[in-house]
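Below is one structure, written out as structure tokens, with a few remarks after it.
Just so it is clear, the model here is predicted, and its values are computed rather than measured. Sequence positions, counted from 1, serve as the residue numbers for this chain.
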Amino acid sequence: MATYKKIKWGIIGLGNIAHQFAKDLALVPDAELTAVGSRTITKAQKFAEQYTAKKAYGSYDELIADPDIDILYIATPHDSHASLTIKSLEQNKHVLCEKPIALHYNEAIQMIKASKAQHKFFMEAFWTRFNPSVQEVLAKIKNLEIGEVKYINADFAFNVGTPQGRMIDINTGGGSLLDMGVYPLFLAYVVLGIPDKILASANFYDTGADKQTSMILQYDNAQAVLHSSFVSPSDMVATISGTEGRIRLNTIWHETQSYGLIKNNHSVAYQFPTKGKGFTYEIEECHHCIRNEKIESEMWSHQNSLDLIKIVDEVRKQTGLKFPSEKQLN
């Protein structure tokens with residue numbers, strides 16, 4: 001078995017998802033958490049100590065400039081994804097940026113341009129794409145094991161009580177759509193592609209962020225009914241129905257460790273326990289691409305990210321969800 005020099009990671013933004021990511025990073029043998037960056041040095045030092053990172057920075061710029069870093073994981077609020085990604089790429093770093101890729105399509109275009117100009121790897125961190133159960137399900141669908149897909153039903157919803165901070169801050173891209181609605185949209189997209197038509201409606205907080213959003217994606221021969229919410233819980237399962245059967249991604253479907261295939265009134269259960277929480281698989285994909293000098297993943301490409309954010313933009317156009325920082329939606 002080949003042994004590789006470890007790939008050195010830095011983490012920008014040290015909130016909840018960064019903690020989950022750091023735990024999984026430790027499970028990847030050829031990964032090393034070299035440095036972390038926060039807007040406050042005390043937070044960075046505490047995080048670095050917890051996950052044995054060698055260096056802690058009290059600013060994002062210092063971390064981005066660190067010559068020891070190979071790749072940066074950007075886990076900041078949505079509104080800073082574009083600027084930090086572009087800055088990191090221009091500082092000769094590879095980038096894995098949390099979803100959604102950006103606030104809107106125009107920002108995403110600029111990020112991908114920077115990746116190509118610098119010839120550095122860049123990927124949106126859509127970890128669900130690399131989940132073992134999801135990969136198996138997509139393979140079964142491709143092999144027509146449930147016939148032709150006609151219907152998808154997926155949601156991502158829970159009751160957050162009294163949300164505050166970035167979750168409902170319209171300036172940072174807050175609301176259920178960008179936090180959670182991107183997951184059901186992702187599933188419809190990877191199975192059925194770009195829809196012919198989108199119908200969407202939302203309820204809003206006083207801040208202008210969406211509380212809940214419902215979406216119907218219309219295809220030539222299929223439909224997807226999708227939902228995201230901060231105000232009520234759901235089972236968080238996803239069903240993909242075809243002409244000859246259906247597949248159920250078990251709860252919580254976007255990080256699932258199992259699925260069921262129902263065909264001819266017969267159900268078969270499949271178990272695929274994840275390594276760690278499941279961020280390990282996208283980390284391994286980053287390493288594969290970097291070692292092979294690829295600037296994008298074939299499994300979740302730049303075009304895939306552009307397609308998805310364009311769908312999100314159309315949902316926002318339908319619901320009237322606008323961010324103060326954007327001039328216009330194309």
Name all residues meeting the salt bridge (charged side-chain N to carboxylate O under 4.0 Å, His left out) criterion together with [X]; count only those two or more places apart in sequence or in a different chain, and write none if there are none.
X	value
Glu298	Lys294
Glu244	none
Glu284	Lys275

Results of ring pair (Phe, Tyr, Trp, His ring centres under 6.0 Å) for [X] - residues two or more places apart only:
X	answer
Tyr151	none
Phe122	His302
Tyr259	Tyr270

Partners meeting side chain to side chain donor-acceptor pair (under 3.5 Å) with [X] (sequence neighbours left out):
X	value
Lys55	Asp66, Asp68
Thr274	Gln257
Glu285	Ser297
Ser88	none

**Request:** Output every pair passing ring-ring contact (aromatic ring centres under 6.0 Å, His included) with a member in residues 39-69, not counting sequence neighbours, ordered by first then second residue.
**Result:** His19-Phe47, His19-Tyr51, Phe47-Tyr51

**Asked** Which pairs, with at least one residue in residues 70-98 and sequence neighbours excluded, count as a ring-ring contact (aromatic ring centres under 6.0 Å, His included)?
**Response** Phe21-Tyr73, His78-His81

**Asp313 and Arg316 ion-paired at < 4.0 Å** =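 Judged by the 4.0 Å cut-off on N to carboxylate O distance, Asp313 and Arg316 do form a salt bridge.
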
